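Reviewing the structure listed below.
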There are 2 protein chains.
Amino acid sequence: MYENKYLSIYHDIVSKIRQGHWKPYDKLPSENELAEQYETSRETIRKALNLLSEHGYIQKMKGKGSIVLDVGKYDFPVSGLVSFKELAQKMKTPAKTIVHELEVIKPGEYLKKHLHVTNKDEIWKVVRSRKIDGEHIILDKDFFHKKFVPVLTRAICEDSIYEYIENKLKLKISFAKKEMFVDKVTDEDRKYLDLNGYDHVVVVKNFVYLDDASLFQFTESRHRLDKFRFVDFARRNH
Amino acid sequence: MYENKYLSIYHDIVSKIRQGHWKPYDKLPSENELAEQYETSRETIRKALNLLSEHGYIQKMKGKGSIVLDVGKYDFPVSGLVSFKELAQKMKTPAKTIVHELEVIKPGEYLKKHLHVTNKDEIWKVVRSRKIDGEHIILDKDFFHKKFVPVLTRAICEDSIYEYIENKLKLKISFAKKEMFVDKVTDEDRKYLDLNGYDHVVVVKNFVYLDDASLFQFTESRHRLDKFRFVDFARRNH
DNA sequence: GAGTGGTCTAGACCACGGC
DNA sequence: CCGTGGTCTAGACCACTCT
């Protein structure tokens with residue numbers, strides 16, 4: 001297992017915090033002490049501590065030191081790019097994915113605008129619903145460039161497309177833009193979701209970019225109002 | 001004007017990108033070249049470039065170089081901590097804040113749980129609505145520790161409390177946690193908002209922490225369904 | 001004044017991409 | 001192969017906090 005020094009230090013400190021080696025509001029050893037303990041330079045320690053800070057594990061204070069934060073409170077990925085599978089595991093509720101549509105289409109006007117493709121390009125369209133506690137609560141509509149994802153099967157869609165893309169296809173997802181708003185339910189929502197009488201859904205649009213800044217996926221995720229929840233952890237830097 | 005070297009380099013490159021000195025998908029000079037140009041070390045250049053990357057201005061690619069991203073697309077603060085005033089300025093629609101309640105209260109059970117205060121503490125309670133295009137669309141309920149914010153006036157609340165806190169009181173806001181979900185409308189919503197027939201609102205709960213990791217503000221922001229919109233920009237790092 | 005984190009330097013080696 | 005960005009080092013000076 002190859003890992004950078006600063007990453008291994010980061011992971012070591014994370015696990016020590018999680019195991020209660022340091023408790024919330026405890027002071028961490030100083031950067032100089034940590035540099036000695038881990039037999040490395042201070043800058044490397046600082047890289048590890050900055051990661052801890054960005055991920056909400058510690059708070060650094062100039063002239064004072066670094067304190068451990070209440071980790072349970074912030075135990076979620078830093079705003080977004082969570083796949084449904086991770087989410088389902090976190091929630092510990094049995095969840096199931098049903099694939100309704102899986103086909104290659106030509107982009108219409110709407111997709112051409114969002115995916116920056118031409119008429120000649122072929123696009124994967126995947127429509128899936130997510131069943132949690134016996135109810136179909138989320139409707140996911142994914143669109144991928146076929147040139148990025150040449151093969152896609154029902155089995156892959158039932159598992160996790162993200163996992164397939166990152167681990168099998170080795171495409172590197174770099175950043176994503178999310179938009180959230182509320183929309184009236186559509187016929188498609190009525191067809192695939194258990195709406196429970198609600199006439200609106202929360203829509204999360206997700207634009208996913210690869211390492212070279214090319215937009216390769218556009219996803220629209222439609223959530224039943226009462227089951228939607230989003231958590232965001234933002235650190236003020238400048 | 002005192003500024004760090006890496007910050008001034010960051011701001012210089014930002015302004016050059018904004019002025020079109022480099023266009024989207026242009027390659028930036030290499031880190032070594034920039035180090036020469038700015039007469040500094042490579043590590044300092046790297047700090048500036050990492051900032052640019054985090055803020056969505058550039059994309060770094062190992063072995064290749066850094067390219068400029070389409071800045072218009074990502075021109076918003078990186079997920080959150082936006083005050084209403086900034087938002088109103090960005091939207092360029094006339095907006096007005098109406099202060100409905102401004103008082104010092106003793107914390108009830110709910111607040112004690114969220115603000116981590118005791119019965120003896122005094123809490124500012126501020127209830128305001130936001131009027132945009134002639135309609136009351138957002139209801140904001142803010143709660144502050146009185147020990148952090150000893151004085152609060154109607155005029156301040158009508159302007160921007162954040163601005164007052166950061167610029168006048170010099171309190172440093174460090175990080176915030178947001179939760180978003182949909183809730184049934186309450187009597188309070190009906191009283192202060194133009195609900196336009198909607199029977200649900202989008203609730204954004206905001207927990208704001210200071211530099212020393214103490215929670216000092218709790219805000220509940222209730223948005224009319226059709227007017228709610230949230231944008232988030234997330235970069236994948238590890 | 002002693003100790004802390006924040007910045008900065010001038011070097012080094014590495015992994016990756018393209019030629 | 002060379003140039004790129006990624007990691008790492010051993011020092012230095014600074015601003016800040018506490019005593």
Side-chain angles (χ1 to χ4, degrees), chain A residues 1-13 22 25-54 57-69 170-172 174 210-214 235-238, chain B residues 1-13 22 25-54 57-69 170-172 174 210-214 235-238:
Chain A
M1 199 62 216
Y2 292 47
E3 202 177 35
N4 297 328
K5 197 177 269 192
Y6 81 90
L7 275 179
S8 72
I9 293 171
Y10 163 74
H11 286 131
D12 189 55
I13 297 180
W22 294 298
Y25 299 92
D26 275 2
K27 265 239 281 287
L28 238 49
S30 76
E31 296 181 348
N32 283 313
E33 284 176 288
L34 288 170
E36 265 192 41
Q37 286 176 26
Y38 286 98
E39 292 179 312
T40 185
S41 68
R42 209 184 124 213
E43 283 290 354
T44 301
I45 292 293
R46 284 180 54 71
K47 264 184 144 174
L49 292 191
N50 283 334
L51 256 191
L52 286 162
S53 168
E54 282 164 27
Y57 286 103
I58 65 169
Q59 176 77 15
K60 309 182 85 179
M61 287 170 295
K62 199 194 292 199
K64 295 215 277 190
S66 300
I67 60 167
V68 174
L69 295 179
K170 304 286 183 202
L171 290 176
K172 280 189 203 149
S174 169
L210 295 180
D211 230 17
D212 61 354
S214 62
R235 182 161 289 268
R236 185 96 134 191
N237 287 312
H238 55 277
Chain B
M1 198 64 216
Y2 293 51
E3 201 176 35
N4 297 329
K5 197 176 270 192
Y6 81 91
L7 275 180
S8 72
I9 294 171
Y10 163 74
H11 286 130
D12 189 57
I13 297 180
W22 294 297
Y25 298 94
D26 275 3
K27 263 239 283 284
L28 237 50
S30 76
E31 297 181 349
N32 282 312
E33 283 177 287
L34 288 170
E36 265 192 41
Q37 286 175 27
Y38 286 98
E39 292 179 314
T40 184
S41 69
R42 212 186 121 211
E43 283 289 354
T44 300
I45 292 293
R46 284 178 55 70
K47 262 185 145 173
L49 293 190
N50 283 334
L51 256 192
L52 286 162
S53 169
E54 282 165 27
Y57 285 104
I58 65 169
Q59 176 76 17
K60 310 181 85 181
M61 287 170 294
K62 198 193 293 197
K64 298 215 287 192
S66 300
I67 59 168
V68 174
L69 294 180
K170 304 286 184 202
L171 289 177
K172 280 189 203 150
S174 169
L210 294 180
D211 231 18
D212 62 351
S214 62
R235 185 160 287 270
R236 183 94 134 195
N237 288 312
H238 55 278

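Bear in mind the structure is a predicted one, so any value in this text is a computation, not a measurement. In what follows, chains are A, B, ... by sequence order, proteins preceding strands, each numbered from 1.
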Nearest-nucleotide 5' precedence on DNA chain C, E43(A) against L49(A): L49(A)

For [N], take OP1 and OP2 only and decide whether either is under 4.0 Å from a side-chain N or O of [X].
| X | N | result |
| --- | --- | --- |
| Y6(B) | dT7(C) | yes |
| S30(B) | dG3(D) | no |
| K47(A) | dC8(D) | no |
| T40(A) | dC8(D) | no |
| K64(A) | dG3(C) | no |

[N] [atom2] sits how many Å from [X] [atom1], rounded?
| X | N | atom1 | atom2 | answer |
| --- | --- | --- | --- | --- |
| Q59(B) | dT4(D) | CD | C1' | 15 Å |
| L34(A) | dG6(C) | CG | P | 13 Å |
| R46(A) | dT9(D) | CZ | C1' | 15 Å |
| L52(A) | dG5(C) | CG | P | 13 Å |
| E33(B) | dG3(D) | CD | P | 11 Å |

For G65(B) against K27(B), the heavy-atom pair lying closest together: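 Residues G65(B) and K27(B), closest heavy atoms: CA-CD, 4.2 Å.
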
Closest non-hydrogen atom pair between L51(A) and L7(A), with its separation: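 Heavy-atom minimum between the residues: CD1-CD2, 3.6 Å.
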
Nearest-nucleotide 5' precedence on DNA chain D, R42(A) against G63(A): R42(A)

Check: E36(A) and E33(A) side chains under 4.5 Å, non-hydrogen atoms: no

pair Q59(A)-K64(A): side-chain heavy atoms closer than 4.5 Å: no

Which of the following nucleotides, [options], is nearest to the side chain of [X]?
| X | options | result |
| --- | --- | --- |
| K62(A) | dA15(C), dC16(D), dT7(D) | dC16(D) |
| K5(B) | dG6(C), dT9(C), dT4(D) | dT9(C) |
| S66(B) | dG5(D), dA10(D), dG6(C) | dG5(D) |
| N32(B) | dG6(D), dG5(C), dT4(D) | dT4(D) |

Nearest-0.5 Å distance that lies between atom CD1 in I9(A) and atom CG in D12(A):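 Result: 8.0 Å between the selected atoms.
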
